[in-house]
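Just below is one structure, and these are the notes that go with it.
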Amino acid sequence: MKKTYRSGEIILEEGTSGSEAYVITSGKVHVFRSKNGKRFTLAVLGANQIFGEMSMIDERPRSASAAALEDTEVSVINHEAFEELSKSDPTILNIFLKSVFERLRHMDQTVLDAAVGISEEGYTADKVLISGLTPEAEAALGGASMEIRKFPFKVGRKTEGGVHGGFFSNNDLYLEDKKPFNISRNHFSIQAKMPGMFIVDRGSALGSIVNDSRVGGASGMSEIVLQPGENILIVGDPESPYKFKITI
Ligand code: CMP
C-alpha cells in the first residue's frame, strides 16, 4: 500500500506503538528525537530507504519520530507481509541487517567524533568541486566537474530498482559497476564537519584511496580528512575506473 505525506507532516511519533515499516518511494524523511521541545536529527532518509522497521520487528514503541521533509510517498509493509516475504526469500533479512549496520557505523563515528570534539555543526564548507579523472567518472558526474552543495554527499553503486537492488542505497551520486564489484552500494560520503572536509567510508567492501592512503575496506580507517587544494580519490582498488579529483 502507498501513502503520501505533505512536507512537514508527521509520519510516525516516538513512543507510540506501530507494526508497519515504510519504504520511501520518493521524497525525504527526517528521523528525529525530541527533548525539551527541541528536535535532534538522527538521520535524513531518501528514496529506497526504510524506516519504522524496528517496532515492526521488536513490537516495542517507536524509537524516534519521522516527518516528511518534502512531499513524500512511501510503501507501507505490515508485519504479516514482512513475515511472508522473509519466509519466501530470507535474503531480505540480510538487507535489513545491512541497513542496521550502516546506522550503527554512523552512530559509532558520531560517538567518536563527539568524544574528540568534532561536530557536524559549526563547519561551513567552502566551494567543493568534484571532477572526473577517467571517462567513467566524468560520465557519472554528467560532465567534467560538479560543485557539491549538500553534505553529507553520498556515493555508491547504481543498482537495479525493486526490493533487492533498491532498498538501502541512498546516494547523491551513483556509479555503474560490473562484477566483481569495485563499488559498494553505500560506498563513501563526503562530509563537512569540524575541522574540515572528510571522506567517510560507509562500510564498503574495498574502501577508497585518498591521496595514496586507504580508507575503509580492510584498512581499519573509517575516515580521512581532505587537504585544502586538490585531492585524488580512487573509489575501490587502484585499478578502479572511478578516479576523481576533489578540490576545496
Ligand atoms: P521505529 O522504532 O519503528 O520507529 C522510528 C524509526 O526511526 C525506527 O524504527 C528506525 O527505522 C528509525 N531510526 C531510529 N534511529 C535511527 C537512526 N539512528 N538512524 C536512522 N534511522 C533511525
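The figures that follow rest on heavy atoms only: side chains count, while hydrogens, waters and symmetry mates do not. Counting convention: from 1, in listed order, for ligands and their atoms alike.
Grouping the Ile, Leu, Val, Met, Phe, Trp and Tyr side chains by contacts below 4.5 angstrom, directly or via other members, places V74 apart from L69. In this structure, Y174 is not a member of the same hydrophobic cluster as F181, with clusters built from ILVMFWY side-chain heavy atoms closer than 4.5 Å.
Contact residues for ligand 1 (protein heavy atom closer than 4.0 angstrom to any ligand atom): L12, V31, L42, A43, F51, G52, E53, M54, S55, R62, S63, A64, R103, M107.
Annotation: salt bridge (Lys or Arg N to Asp or Glu O under 4.0 Å) contacts involving residues 237-248, sequence neighbours excluded, comprise R214-D237, E230-K245.
A salt bridge links K193 to E223: at least one charged side-chain nitrogen sits closer than 4.0 Å to a carboxylate oxygen.
The side-chain hydrogen bond (donor to acceptor under 3.5 Å, both in side chains) test applied to T25 returns E73, not counting sequence neighbours. Under the side chain to side chain contact (heavy atoms under 4.5 Å, CB included) criterion, A81 pairs with I77, N78, sequence neighbours left out.
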